[in-house]
Amino acid sequence: METKLVSVDNFLDNKMNYEQAVDILKNGGVVAFPTETVYGLGALATDELAVQRIFEAKGRPSDNPLIVHIGNKEQVSDYAEAITEDADKLMDACWPGPLTLVFHKKPGVIASNVTPGFETVGIRMPDHPVALALLRALGQPLAAPSANRSGKPSPTEAAHVYKDLEGLIPLILDGGQTGVGVESTVLDMTTNPPTILRPGGTTQETIESIIGKIHSENEFPGEQAPRSPGMKYLHYAPEAPLFIIQNDAQHIGIALDSLHAEGRKVALIAPDEFGDLGADWYFSTGPAHNNEATATNLYAAIRKCDATEADIILAVETDLAGVGAAVMNRLMKAAEGKRYMN
Ligand code: TXA
Ligand code: MG
């Protein structure tokens with residue numbers, strides 16, 4: 001299959017591109033598109049065969065449920081039941097945006113392979129002009145996981161999607177680099193209080209400022225059985241082993257010296273202030289102590305490491321404030337919990 005990559009930036013007349021995307025989707029095909037978090041691979045959420053194509057293209061285990069994307073809030077009640085007052089508040093305050101809400105599923109509407117074996121459905125309204133234009137032109141919900149091959153970091157650029165899925169999908173809508181850079185927060189609204197199943201682009205602080213105290217599952221590997229099934233798979237794994245390292249120039253310098261003394265080549269993922277410490281490859285996550293910038297740049301940096309001959313990757317940790325919780329969750333998974341100790 002030929003994979004077409006078409007640009008849909010704000011200054012072009014994109015009507016034809018959206019028509020083409022809608023046509024493919026209505027005929028049961030898949031289309032990759034940008035959201036504010038990462039690129040998604042969409043298929044009609046009500047079409048079982050179309051959804052099956054997502055799992056095939058990604059090589060994704062079919063017991064891991066997909067998020068349903070909608071273009072306006074009113075659609076929620078078509079697919080979900082028992083929508084609480086807290087959920088209404090969150091939808092009003094945070095949608096469109098990087099927050100997936102898990103509801104009781106209305107029976108018989110969404111294709112069964114979107115949420116295999118689940119009585120619930122995760123729904124979100126993405127905050128990206130291309131995603132919204134596509135959803136509104138289609139007028140139907142899209143089931144869409146991140147548009148990477150299973151086990152690769154989520155794509156934050158159309159080129160990442162192309163690299164992973166070329167020949168496997170017919171169309172990629174290129175809307176440039178995504179902004180948030182880590183996936184949406186998955187919040188289970190069927191528990192009381194609600195529970196964060198995956199930290200992401202909408203921070204716990206923001207959610208709690210709207211509905212008060214919530215639960216957050218400890219998702220650091222090996223500590224607790226995951227309830228968001230996506231958490232049990234190896235994700236975001238780069239080719240060389242990745243170690244998390246303390247945010248400290250001296251500590252990083254000593255690590256580089258001792259690794260070099262062992263003849264090992266090192267890729268460093270770190271904020272700008274650590275760019276001149278002498279790593280063999282250096283990939284910036286932006287300005288120091290800026291968790292938003294780190295989130296934006298993290299996945300592209302990990303992918304760049306895969307294009308090097310590094311024997312080991314060191315990634316500088318962030319604090320857990322705001323989107324830092326999501327950054328550290330993804331880094332812990334990429335590192336499989338490993339920290340570099342001098
Ligand atoms: O930002 C995002 O959420 C991106 C963009 C494309 O929207 N999508 C994304 O999808 O990250 P995916 O499939 O890569 O991750 C979805 C996560 C998985 O961890 C899955 O287990 C969880 O959401 N999930 C989906 N539906 C669920 C449900 N009903 N109950 C519990 N967890 C659910
Ligand atoms: Mg994913």
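Predicted, not measured: the structure shown is a model, and the values here were computed from it. FYI, side chains are in, hydrogens and waters are out, and symmetry mates aren't considered; it's all heavy atoms of this structure. In each ligand, atom 1 is the first atom listed, and ligand 1 is the first ligand listed.
By heavy-atom distance, the residue among Gly42, Ser184, Ala144 lying nearest atom 8 (N) of ligand 1 is Ala144. Residue Pro145 holds the heavy atom nearest to atom 10 (O) of ligand 1 of all those in Pro65, Pro145, Pro116. Checking Gly200, Ser146, Gly201 against atom 14 (O) of ligand 1, the nearest heavy atom belongs to Ser146.
Near Arg124, with a cut-off below 4.0 Å to any heavy atom, the atoms of ligand 1 are 1 (O), 2 (C), 3 (O), 5 (C), 7 (O). Every atom of ligand 1 with a heavy atom of Gly122 under 4.0 Å away is listed here by number and element: 29 (N). Of all atoms in ligand 1, listed by their number and element, those nearer than 4.0 Å to a heavy atom of Val186 are 23 (O). Those atoms of ligand 1 with a heavy atom of Gly40 less than 4.0 angstrom away are 6 (C).
Checked against Asp164 for a salt bridge (Lys or Arg N to Asp or Glu O under 4.0 Å), the options Lys58, Arg303, Lys152, Arg149 give a single hit: Arg303.
The closest approach between any non-hydrogen atom of Lys105 and ligand 1 is not below 4.0 Å.
Linking ILVMFWY side-chain heavy atoms closer than 4.5 Å, directly or via other members, places Val51 and Val30 in a single hydrophobic cluster. No chain of hydrophobic side-chain contacts below 4.5 Å, direct or via other Ile, Leu, Val, Met, Phe, Trp or Tyr residues, connects Met328 to Phe283.
An N or O contact shorter than 3.5 Å links Arg198 to ligand 1 by distance. Taking any N or O of His69, backbone or side chain, at least one lies under 3.5 Å from an N or O belonging to ligand 1. Inclusion of Thr100 in the set of residues having an N or O under 3.5 Å from an N or O of ligand 1 is not warranted.
With a 4.0 Å cut-off on non-hydrogen atoms, Thr120 touches ligand 1 through its backbone as well as its side chain. Contacts of Arg60 with ligand 1, taken as heavy-atom pairs under 4.0 Å, involve the side chain alone. By the criterion of a heavy-atom distance under 4.0 Å, neither the backbone nor the side chain of Asp188 is placed next to ligand 1.
Because its NZ or CZ atom is both nearer than 6.0 Å to the ring centre of Phe243 and within 45° of the ring axis, Lys338 counts as a cation-pi partner of that residue.
In this structure, CG on Asn192 lies 12.0 Å from CD1 on Ile214, to the nearest 0.5 angstrom.
The distance from the Mg ion (ligand 2) to the nearest N/O/S atom of Ser154 is not under 2.8 Å.
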- prompt: Run the side-chain contact (heavy atoms from CB on, under 4.5 Å) check on Trp95 and Leu101 step by step: do they pass?
  reply: CA-CA 10 Å; Trp95 282 6; Leu101 298 175; 3.9 Å; yes
- request: Go through the steps to decide whether Arg339 and Glu317 satisfy the test side-chain contact (heavy atoms from CB on, under 4.5 Å), and finish with yes or no.
  value: CA-CA 10 Å; Arg339 295 182 65 87; Glu317 71 180 341; 3.1 Å; yes
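A 6.0 Å sphere centred on NZ of Lys4 holds no more than 12 heavy atoms belonging to other residues, nucleotides or ligands.
Of the N and O atoms on the side chains of His260 and Asp280, at least one donor lies less than 3.5 Å from an acceptor on the other residue.
Between Tyr299 and Pro153, the closest heavy-atom pair is CD2-CB, 3.9 Å.
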